[in-house]
Protein chains: 2
Amino acid sequence: MTTKERIVETALELFSQRGYDGVSVRDIARAVGIRESSLYNHFENKRAIFDGIVDVCVRQSEVYFRESALPFDQGDDTSVYRGIGLEHLQELIERTFRFFFDDPWNARFRRLLLVSQYAEPRCRDIYQQLYRDKCIAVQAYIFSALMDAGEIRREDPLAVAAEFHGPMFMWIHTCDSFEEARPLIREHVEQFRKNYEWRPTP
Amino acid sequence: MTTKERIVETALELFSQRGYDGVSVRDIARAVGIRESSLYNHFENKRAIFDGIVDVCVRQSEVYFRESALPFDQGDDTSVYRGIGLEHLQELIERTFRFFFDDPWNARFRRLLLVSQYAEPRCRDIYQQLYRDKCIAVQAYIFSALMDAGEIRREDPLAVAAEFHGPMFMWIHTCDSFEEARPLIREHVEQFRKNYEWRPTP
DNA sequence: AATAATATAGAACAAACGCTCGGAAAAGTC
DNA sequence: GACTTTTCCGAGCGTTTGTTCTATATTATT
């Protein structure tokens with residue numbers, strides 16, 4: 001790993017805990033194991049380190065959404081999820097949730113955006129897109145497929161996705177560990193299943 | 001309004017935007033309209049200002065929960081909400097939501113806790129209690145009453161409350177104005193009503 | 001092996017930081 | 001009106017901040 005990469009990784013860890021102003025250039029240098037003057041060989045100034053972190057993480061999240069989540073922006077073809085059933089939802093959600101919660105880069109980046117969002121408009125934008133809009137869009141896509149498959153009752157997919165993602169959002173933001181969140185997520189998926197699974201009209 | 005109160009109010013505004021380390025004592029003094037040395041007649045040091053804000057706001061929120069919300073910790077008597085029906089939920093929720101969103105003290109305090117939660121364990125605790133646990137407890141109380149009244153189907157009230165509060169939590173944290181959030185809240189309450197309102201077994 | 005390019009360290013800078021102090025002004029008490 | 005208490009201000013304290021500079025190491029290229 002190059003020094004520049006180590007700086008980014010270390011600074012992300014620090015910024016995500018104490019915020020931009022709570023971390024000094026000397027703090028970062030000490031944590032990396034070099035002197036602060038050496039930092040300036042890799043970044044123009046402190047601000048550039050912060051911006052560099054955001055750039056890297058945004059790029060990573062784009063890769064995630066393109067590869068691991070869905071091609072939900074490639075038209076309305078829901079065939080990717082044709083074989084999906086409600087019984088797969090629990091596992092699918094737990095995997096996604098684990099990524100957002102436990103992946104070291106993503107968990108730190110989420111905290112970074114969270115604590116920076118009111119000081120930095122760009123962070124607010126990314127935060128809203130990444131942890132609300134994109135998540136809801138992906139889930140709306142899945143629910144659309146589930147509706148087509150007759151697994152859940154037909155409703156506005158975006159509204160259903162918002163109902164689903166709301167509690168997820170809350171547990172992601174207020175639980176201290178994945179273990180604490182897991183049973184709550186399970187209960188949520190269970191409630192959701194009861195509420196939306198298709199039943200023949202009486 | 002005393003100078004001390006003006007300091008607290010001003011510092012809350014600043015801290016909630018830029019965080020503890022992002023605001024200097026001189027910033028606060030300038031915004032209040034006095035010199036920084038005069039600040040030290042009212043507070044021992046910068047940390048005491050921050051702690052003073054938290055104390056004041058915690059006290060205010062306790063008053064709110066005791067007076068405006070519910071005596072939900074006074075036993076299991078749900079008679080306060082005996083007359084409530086599902087048709088009142090929309091209005092009740094919108095009023096509560098508006099308080100959390102628009103009340104200048106509460107909105108700023110929420111941001112303050114949010115941006116400070118990873119640097120200050122106390123803020124993390126208060127944040128979890130205030131915007132998750134207490135809200136869910138209050139709502140569980142209301143839903144308990146609605147179940148007793150046969151308005152919604154019987155389920156674990158805490159689980160139902162979590163389902164209800166999740167989307168609220170999300171919109172509170174990611175919407176930029178009450179006007180932006182209002183239609184989303186309405187849709188949420190509508191979905192919730194469809195999902196939980198009592199129907200005679202076929 | 002010589003040369004060029006890059007990374008590092010140490011010293012130093014001005015500016016901003018939290019904070020203290022002594023004296024002037026204001027407010028409250030008798 | 002004299003006295004005490006509180007509040008304010010300006011100057012200044014030592015420290016930390018972000019950043020620059022120069023000399024020395026390390027690495028890459030020829």
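The structure presented is a predicted model; accordingly, all values stated were derived computationally and were not measured. Numbered from 1 within each chain, the chains take letters A, B, ... in sequence-line order. Worth knowing before you read on, the calculation uses all heavy atoms, side chains too, and leaves out hydrogens, waters and symmetry mates.
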Q.
Distance check needed: D:dG18 C1' versus A:Phe50 CZ, whole Å only.
A. 17 Å
**Q.** Pairwise ring pair (Phe, Tyr, Trp, His ring centres under 6.0 Å) hits with a residue in residues 12-39 of chain B, at least two apart
**A.** B:Phe15-B:Tyr20, B:Phe15-B:Phe50, B:Tyr20-B:Phe50
Q) Do B:Arg30 and B:Glu36 sit within salt-bridge range, that is, some charged N less than 4.0 Å from a carboxylate O? A) no
Listing time: all N or O pairs from protein to nucleotides 5-8 of chain D that are below 3.5 Å?
{"from": "D:dC8", "atom 1": "OP1", "to": "B:Thr3", "atom 2": "OG1", "distance (Å)": "3.4"}
{"from": "D:dC8", "atom 1": "OP2", "to": "B:His42", "atom 2": "NE2", "distance (Å)": "2.7"}

Q: Give one of base, sugar-phosphate or nothing for A:Val23, where a contact means two heavy atoms less than 4.0 Å apart.
A: sugar-phosphate
Q. Parallel under 30°, tilted from 30 to 60°, perpendicular over 60°: which one fits the rings of B:Tyr196 and B:Phe192?
A. tilted
**Q.** d(NZ, A:Lys46; P, D:dT19) in whole Å
**A.** 8 Å
Q: Identify, with sequence neighbours excluded, every residue that meets salt bridge (charged side-chain N to carboxylate O under 4.0 Å, His left out) alongside A:Lys4.
A: none
Q. If you look only at pairs with a residue in residues 8-17 of chain A, which of them pass as a salt bridge (charged side-chain N to carboxylate O under 4.0 Å, His left out), with sequence neighbours excluded?
A. A:Glu13-A:Arg108
Q: For A:Gln60, enumerate each residue passing the side-chain contact (heavy atoms from CB on, under 4.5 Å) test, keeping only those at least two apart in sequence or located in another chain.
A: A:Val56, A:Trp105
Q: For DNA chain D, determine which residues of residues 12-21 of chain A have any heavy atom closer than 4.0 angstrom to one of its atoms, and list them numerically.
A: none
Q) Could you state the CG-C1' distance from B:Asp27 to D:dT17, rounded to the nearest angstrom? A) 14 Å
**Q.** Within residues 152-162 of chain B or reaching into it, pairs that qualify as side-chain hydrogen bond (donor to acceptor under 3.5 Å, both in side chains) - sequence neighbours excluded
**A.** A:Gln191-B:Glu155, A:Lys194-B:Glu155, A:Asn195-B:Arg153, B:Asp148-B:Arg154, B:Arg153-B:Glu155
**Q.** Atom-pair distance (CD on B:Glu44; P on C:dG18), nearest Å
**A.** 16 Å
Q | Criterion ring-ring contact (aromatic ring centres under 6.0 Å, His included) against B:His188, the qualifying member of B:Phe169, B:Trp171, B:Phe97, B:Phe164 | A | B:Phe164
**Q.** Between P of D:dC13 and OH of B:Tyr40, the distance in whole Å
**A.** 17 Å
Can you give me the N/O atom pairs linking the protein to nucleotides 12-14 of chain C at distances under 3.5 Å, or say none if there are none?
none

Q.
Just to verify, what does B:Asp133 make a side-chain contact (heavy atoms from CB on, under 4.5 Å) with, not counting sequence neighbours?
A. B:Gln129
(Q) Atom CD of residue position B:Glu44 - does it have more than 12 heavy atoms of other residues, nucleotides or ligands inside 6.0 Å? (A) no
Between N or O atoms, less than 3.5 Å apart, protein on one side and nucleotides 27-29 of chain C on the other: list the pairs.
none

Let me have the donor-acceptor pairs involving side chains of residues 110-122 of chain B, under 3.5 Å, with sequence neighbours excluded, atom names and distances please.
{"from": "B:Ser116", "atom 1": "OG", "to": "B:Leu112", "atom 2": "O", "distance (Å)": "2.6"}
{"from": "B:Gln117", "atom 1": "OE1", "to": "B:Arg124", "atom 2": "NH1", "distance (Å)": "2.8"}
{"from": "B:Gln117", "atom 1": "NE2", "to": "B:Leu114", "atom 2": "O", "distance (Å)": "3.3"}
{"from": "B:Glu120", "atom 1": "OE1", "to": "B:Arg47", "atom 2": "NH1", "distance (Å)": "2.9"}
{"from": "B:Glu120", "atom 1": "OE2", "to": "B:Arg47", "atom 2": "NH1", "distance (Å)": "3.1"}
{"from": "B:Glu120", "atom 1": "OE2", "to": "B:Arg47", "atom 2": "NH2", "distance (Å)": "3.3"}
{"from": "B:Arg122", "atom 1": "NH2", "to": "B:Asp55", "atom 2": "OD1", "distance (Å)": "2.8"}

Q: Any ring pair (Phe, Tyr, Trp, His ring centres under 6.0 Å) involving residues 22-48 of chain A? Give me the pairs, sequence neighbours left out, ordered by first then second residue.
A: none
Q | Interatomic distance, B:Ile28 CD1 vs C:dA16 P [rounded to whole Å] | A | 17 Å
Q) Hey, would you say the B:Phe99 and B:Tyr64 ring centroids sit under 6.0 Å apart? A) yes
